[in-house]
Every structure is written in structure tokens, then in C-alpha cells.
Amino acid sequence: MGRALKVTALSVFLSSFWGKILITFLWAMVPVIELRGAIPIGVGMGLKLPVAIAVSLIGNMVPVPFIIIFIKKIFALIRKWSKSLDKLVSKLENRAFSKGEVVQKYAFWGLFILVAIPLPGTGAWTGALVAAMLDMPLKKSVPAIALGVVGAAVIVSFVTYGASEIFF
């Protein structure tokens, strides 16, 4: 009986406004899904579009400074502990460096564009990884990524819900 109450209490919370906010926030933090998936998930659960956008923006930005600051150290630890994961780390680093060419050429705007275009392999996680691999300082990379996340939110919202939902 105690377990049934926990499941019921959890399901009641998750179906509440704050539960929907939490779920949307957490989905926005997940790599690959990020804001592009979190906005439709939030709206699909019943949040109003502006609320889903705001929560997704915040959730998508939370991991960014941590990735920029710690990812190189994390990669070094992974390499030290597991030779089998070394290939994955190398693949991620190579991917970041390949996308980094455009970012290096156009600096702030290159990072903005990389994050703003809502396609697979772009987004805040990729932007933060590229910024870390290129040793871009937080004060330059975080604003570019944040602006890119806002751009991605506008594009995703426009494509998914149309101009009438966004502007009217």
C-alpha cells in the first residue's frame, strides 16, 4: 500500500503544473534532445508555449558552463579509466574540432550559428564542447551559446507552432 501511494503521489506531482515544468526542464538538459525536443514535450503536456520556451531555455543553458569548464578533465579521466571509451572520447573531440573550424573563423557569430541551427549535431551541448576544445573563455562563449539557444527556440517554435502561436 505504501508503494501505491508513492506512485500515485509521483504521478500526481508529474501531472501538475510544476511537474510539467520539471519534466520540460530536465528534457532540455539532455544532449541531442535539448530545447528542440523540450519545447514540443512541454507544450504536448499542456504548458503554454511561452512557458515551455522559457523553461526550455533555462534548462538548455544549465549544463553549458559546466561542459566548458570540466569536459576536458572528464575526457582525460575517461581515457585513464577505460580504454574502450577512448574511441568515443576521440570521436567527440574530432567532431568538436571539425565544427570548430567555422567557429574559429567567425568567433562569436560562428558559435552562435552552430547553436542556433536546430539540426542534429548542433545545439548548446555541441557549442559548449566546441568552445571547450577551442579554449574559448566563458565570458565570450556563454553569451554566444545563450543567443544561439534563443535563436533555436524561435526557429523550433516557428516551425512547430507557426507564426500565429508565437506572435499573436
Shared hydrophobic cluster for L134 and L111 (ILVMFWY, side-chain gaps under 4.5 Å): yes

Listed once per pair and sorted, the ring-ring contact (aromatic ring centres under 6.0 Å, His included) pairs that draw on residues 18-37, sequence neighbours left out: none

Do any N or O atoms from the side chain of [X] and from the backbone of [Y] form a donor-acceptor pair under 3.5 angstrom?
X	Y	result
K20	M45	yes
T122	I117	yes
S82	I78	no

Distance-only polar pair, side chains of T160 and R36, donor-acceptor under 3.5 Å: no

F13 CZ: over 12 foreign heavy atoms closer than 6.0 Å: yes

Salt bridge present between E93 and R79 (N-O < 4.0 angstrom): yes

For W81, the rest of its hydrophobic cluster, which grows through side-chain links under 4.5 angstrom: L77

Working for side-chain contact (heavy atoms from CB on, under 4.5 Å), residues N60 and M29: CA-CA 5 Å; N60 202 183; M29 291 176 62; over 6 Å; no

Euclidean distance, L47 CG relative to I53 CD1, rounded to 0.5 Å: 11.0 Å

Plane angle bin for W109 and F112 - parallel if under 30°, tilted between 30 and 60°, otherwise perpendicular: perpendicular

Test side-chain contact (heavy atoms from CB on, under 4.5 Å) applied to F75 and L92, step by step: CA-CA 10 Å; F75 282 176; L92 290 170; 4.0 Å; yes

P143 side chain reached by F108 side chain, heavy atoms, under 4.5 Å: yes

